[in-house]
Amino acid sequence: MFMKLLLHICCGPCSAACIKVLRDENIDVTGYWYNPNIQPYTEYLNRLDALKEYSELINLKVIYNDYYNLKEFVDNVKNDLNNRCGYCYLSRLESAFKYASSNGYDCVTTTLLISPYQKHDLIIRTCEFLEKKYNVKFLYRDFRPYFYEGKAMFKETGLYMQKYCGCVFSEEERYEKKIKKNTGLYE
């Protein structure tokens, strides 16, 4: 069965194995970049440029919704930082589902489903909600078993690989133990 899929791509490294798995299933994959959560702007550009180069290497069509607005992201998460991922997932995935609905795609999925660091169940619930709202099927795949394989595939390209999820708060979480230790808060 031919399936036209829009793949929300959070970054190049997370996309590598997802694209391979989907193509191995003979699914027609188009990438979709929309990630205004990534900060700072230089990090955003590094990830965007890496995906552009990678998509050329693997002959992947990508739709670039190149929108960056730190203030909007912070305004929407500042009052509930512990639940910032919910806003982040919804805003990015809704953009993908809306695009898919308006452009004849059969289904949507996301590379967010490959990371063992993401809130997998929240991503699924968000996609199921958007599936109903936009009448575009959510294609669920648990890509997590391919996480390290995908990183290795991408590393071979020599392209930029990030060290944190994307938002400034996740970047801080990378150093949480070190920060606590240096400030005397370490347990």
Side-chain angles (χ1 to χ4, degrees), residues 1-68 85 88-89 91-97 99-100 103 105-124 126-127 130 136-167 170-171 173-174:
M1 180 175 103
F2 179 77
M3 187 182 311
K4 187 177 172 188
L5 176 132
L6 189 66
L7 175 65
H8 169 261
I9 298 176
C10 61
C11 63
C14 287
S15 74
C18 297
I19 294 164
K20 180 184 180 314
V21 166
L22 294 166
R23 284 180 167 175
D24 286 350
E25 294 179 30
N26 292 314
I27 295 173
D28 180 20
V29 180
T30 299
Y32 185 80
W33 167 270
Y34 179 68
N35 298 292
N37 61 304
I38 299 171
Q39 295 125 34
Y41 186 62
T42 53
E43 179 71 19
Y44 176 89
L45 290 177
N46 286 338
R47 294 183 193 198
L48 177 60
D49 291 344
L51 177 62
K52 285 179 178 179
E53 289 182 52
Y54 184 65
S55 64
E56 288 180 23
L57 287 173
I58 64 166
N59 195 29
L60 176 73
K61 178 183 175 185
V62 179
I63 308 302
Y64 293 97
N65 184 347
D66 187 7
Y67 176 76
Y68 181 84
C85 297
C88 188
Y89 297 153
S91 65
R92 294 189 290 160
L93 294 169
E94 184 158 25
S95 179
F97 272 87
Y99 184 88
N103 290 278
Y105 287 86
D106 300 310
C107 52
V108 174
T109 197
T110 177
T111 61
L112 293 167
L113 292 168
I114 199 168
S115 174
Y117 305 107
Q118 297 295 333
K119 298 177 180 181
H120 200 84
D121 292 338
L122 181 56
I123 295 166
I124 293 169
T126 302
C127 287
L130 294 169
V136 175
K137 182 176 173 43
F138 162 50
L139 182 71
Y140 173 71
R141 293 291 184 274
D142 184 355
F143 295 117
R144 290 175 294 187
Y146 307 101
F147 180 71
Y148 293 105
E149 175 186 338
K151 284 180 70 170
M153 289 169 58
F154 196 82
K155 190 173 186 175
E156 289 177 10
T157 68
L159 296 172
Y160 176 77
M161 292 184 67
Q162 71 275 2
K163 306 276 190 262
Y164 60 98
C165 171
C167 77
S170 67
E171 208 271 345
E173 286 172 352
R174 271 179 73 205

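Values reported hereafter were calculated over all heavy atoms of this structure, with side chains retained and with hydrogens, waters and symmetry mates removed. Along the sequence shown, residues carry numbers from 1.
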Determine whether a donor-acceptor pair (N or O, by modelled atom type, separation under 3.5 Å) exists between the side chain of Gln39 and the backbone of Asn37.
yes
Give the intermediate values and the outcome of ring pair (Phe, Tyr, Trp, His ring centres under 6.0 Å) for residues Tyr140 and His120.
CA-CA 11 Å; Tyr140 173 71; His120 200 84; 5.7 Å; yes
Just wondering, do Cys127 and Val108 contact through their side chains at under 4.5 Å, heavy atoms?
no
Please examine the side chains of Thr109 and Leu22, heavy atoms only from C-beta on, and report whether any two atoms are closer than 4.5 Å.
yes
Please name all residues satisfying salt bridge (charged side-chain N to carboxylate O under 4.0 Å, His left out) with Arg23, sequence neighbours left out, ordered by chain then number.
none
Sequence neighbours excluded, which residues qualify as ring pair (Phe, Tyr, Trp, His ring centres under 6.0 Å) partners of Phe138?
none
If you define the side chain from C-beta out and look only at heavy atoms, does anything of Asn35 sit under 4.5 Å from His8?
yes
Non-neighbouring partners of Tyr99 that pass ring pair (Phe, Tyr, Trp, His ring centres under 6.0 Å), sequence neighbours left out:
Tyr32
Go through the steps to decide whether Ile124 and Leu113 satisfy the test side-chain contact (heavy atoms from CB on, under 4.5 Å), and finish with yes or no.
CA-CA 8 Å; Ile124 293 169; Leu113 292 168; 4.3 Å; yes
Any residue meeting side chain to side chain donor-acceptor pair (under 3.5 Å) with Glu43, in chain and number order, not counting sequence neighbours
Arg47, Tyr160
Keeping the roles fixed (side chain from Tyr105, backbone from Thr30), state whether a donor-acceptor pair exists under 3.5 Å.
no
Gly12 versus Leu51, closest heavy-atom pair with distance
CA-CD1, 4.3 Å
Test of understanding: with salt bridge (charged side-chain N to carboxylate O under 4.0 Å, His left out), list the residues that count as partners of Asp24, not counting sequence neighbours.
Lys20
Kindly state each residue pair satisfying side chain to side chain donor-acceptor pair (under 3.5 Å) with at least one member in residues 49-60, sequence neighbours excluded.
Ser55-Tyr64
